[in-house]
Amino acid sequence: MNELIKLNFLDIERLKKSVVWEPHKKNNRKGAEASKLYSIKDKVIALVKFHPGSNAIKHIHNNFEAIYVIDGGYSDEYGTYKQGDLLIYPDQSSHSWSSENGALLYVVWGGNTTIEN
């Protein structure tokens, strides 16, 4: 990926249509799709789409995860997040999540996630 990527977060409908979506099912996520925009080593920049009713079981981040809510919202053990919110989950943090009405997210993460026992 050696080309410039330009996206406009204010044109949400065009943004949703301008990328290729793939199922995002790792660690039993349900109802989520992702579009990987850029990656280098174990760092990834992606758009993630939560469909209404989507969820993920509790998992541990083996590095950081930063999420900007472009549209819609989701909830986890720490709160409910809506359009415009920025969340930063530190290394070794854990959470589950659910999205009642769906969401569009800009996500940057490093490392993998594992299921919390």
Side-chain angles (χ1 to χ4, degrees):
M1 293 185 210
N2 289 327
E3 58 194 56
L4 174 69
I5 297 170
K6 180 184 178 288
L7 301 170
N8 185 326
F9 288 178
L10 298 178
D11 191 348
I12 294 167
E13 290 311 311
R14 177 182 240 170
L15 181 62
K16 288 178 183 178
K17 295 175 186 173
S18 68
V19 298
V20 176
W21 296 102
E22 296 181 5
H24 191 45
K25 295 181 179 180
K26 185 176 179 184
N27 294 340
N28 295 324
R29 289 177 181 93
K30 295 185 180 12
E33 294 180 295
S35 179
K36 192 181 289 186
L37 302 174
Y38 187 80
S39 65
I40 185 165
K41 297 185 182 180
D42 65 347
K43 309 297 187 277
V44 177
I45 299 171
L47 292 176
V48 176
K49 182 170 33 170
F50 294 165
H51 293 281
S54 61
N55 63 73
I57 62 175
K58 198 161 200 171
H59 53 280
I60 300 169
H61 291 274
N62 297 316
N63 206 303
F64 70 94
E65 180 180 43
I67 300 173
Y68 176 76
V69 182
I70 299 170
D71 191 38
Y74 75 100
S75 298
D76 66 12
E77 296 85 349
Y78 308 105
T80 298
Y81 315 108
K82 62 186 181 340
Q83 184 179 39
D85 286 341
L86 173 67
L87 300 305
I88 300 173
Y89 296 94
D91 182 25
Q92 299 304 308
S93 63
S94 66
H95 69 123
S96 59
W97 58 260
S98 64
S99 180
E100 184 177 332
N101 298 310
L104 179 61
L105 313 170
Y106 173 78
V107 184
V108 178
W109 69 85
N112 291 317
T113 59
T114 54
I115 299 294
E116 184 171 288
N117 293 326

| said: Determine whether a donor-acceptor pair (N or O, by modelled atom type, separation under 3.5 Å) exists between the side chain of S99 and the backbone of P52. | reply: no
| Once you round to the nearest 0.5 Å, how far does CD1 of I115 lie from CG of N28? | 5.5 Å
| query | How about H95 and Y78: are their ring centres within less than 6.0 Å of each other? | reply | no
| request: Decide yes or no for H61 and D91: does some side-chain heavy atom of the first lie under 4.5 Å from some side-chain heavy atom of the second? | output: no
| task | First locate atom CZ of F64, then atom CH2 of W109, and finally report the distance between them rounded to the nearest 0.5 Å. | result | 10.0 Å
| K58 versus S96, closest heavy-atom pair with distance | N-CB, 3.5 Å
| said: Within the structure provided, determine whether Y68 and V108 are in side-chain contact (heavy-atom separation under 4.5 Å). | reply: no
Sequence neighbours excluded and cut-off under 3.5 Å, please list the side-chain donor-acceptor pairs for residues 100-107, or say none.
none

Distance-only criterion, 3.5 Å: show the donor-acceptor pairs between side-chain atoms of residues 81-88 and protein atoms not counting sequence neighbours.
| unit_1 | atom_1 | unit_2 | atom_2 | d |
| --- | --- | --- | --- | --- |
| Y81 | OH | D76 | OD1 | 2.8 |
| Y81 | OH | G79 | N | 3.3 |
| Q83 | NE2 | I70 | O | 2.9 |
| D85 | OD2 | K82 | N | 2.8 |

| remark: One should read off an interatomic distance between K25 NZ and E33 CD, to the nearest 0.5 angstrom, of 9.5 Å
| query | What residues form a side chain to side chain contact (heavy atoms under 4.5 Å, CB included) with E13, not counting sequence neighbours? | reply | K16
| Check: K43 and Y38 side chains under 4.5 Å, non-hydrogen atoms | no
| task | Flag yes if L47 and I67 sit in one hydrophobic cluster, no otherwise; membership is Ile, Leu, Val, Met, Phe, Trp, Tyr, and two members link when side-chain heavy atoms are under 4.5 Å apart. | result | no
| note | Here the gap from D71 atom CG to L15 atom CG, rounded to the nearest 0.5 Å, amounts to 9.5 Å
| Applying the 4.5 Å side-chain criterion to the ILVMFWY set and letting contacts propagate, would I40 and V44 be lumped into a single cluster? | no
| Could you give the distance from CG (N62) to OG (S94), rounded to the nearest 0.5 Å? | 11.0 Å
| task | Taking all heavy atoms of V69 and all of G72, pick out the closest pair and write down the distance. | result | CG1-O, 3.5 Å
| note | So NE2 of H51 and NE2 of H24: to nearest 0.5 Å the spacing works out to 12.0 Å
| Donor-acceptor contact present, side-chain S35 to main-chain W21, <3.5 Å | no
| said: Would you say F50 ends up clustered with L37 if hydrophobic residues are merged whenever their side chains have heavy atoms under 4.5 Å apart, either directly or through other cluster members? | reply: no
| If you look at every heavy atom in G31 and S54, which pair is closest and at what distance? | O-CB, 3.3 Å
| When hydrophobic residues are tied together by side-chain contacts of less than 4.5 Å, even through go-betweens, does V19 share a cluster with I12? | yes
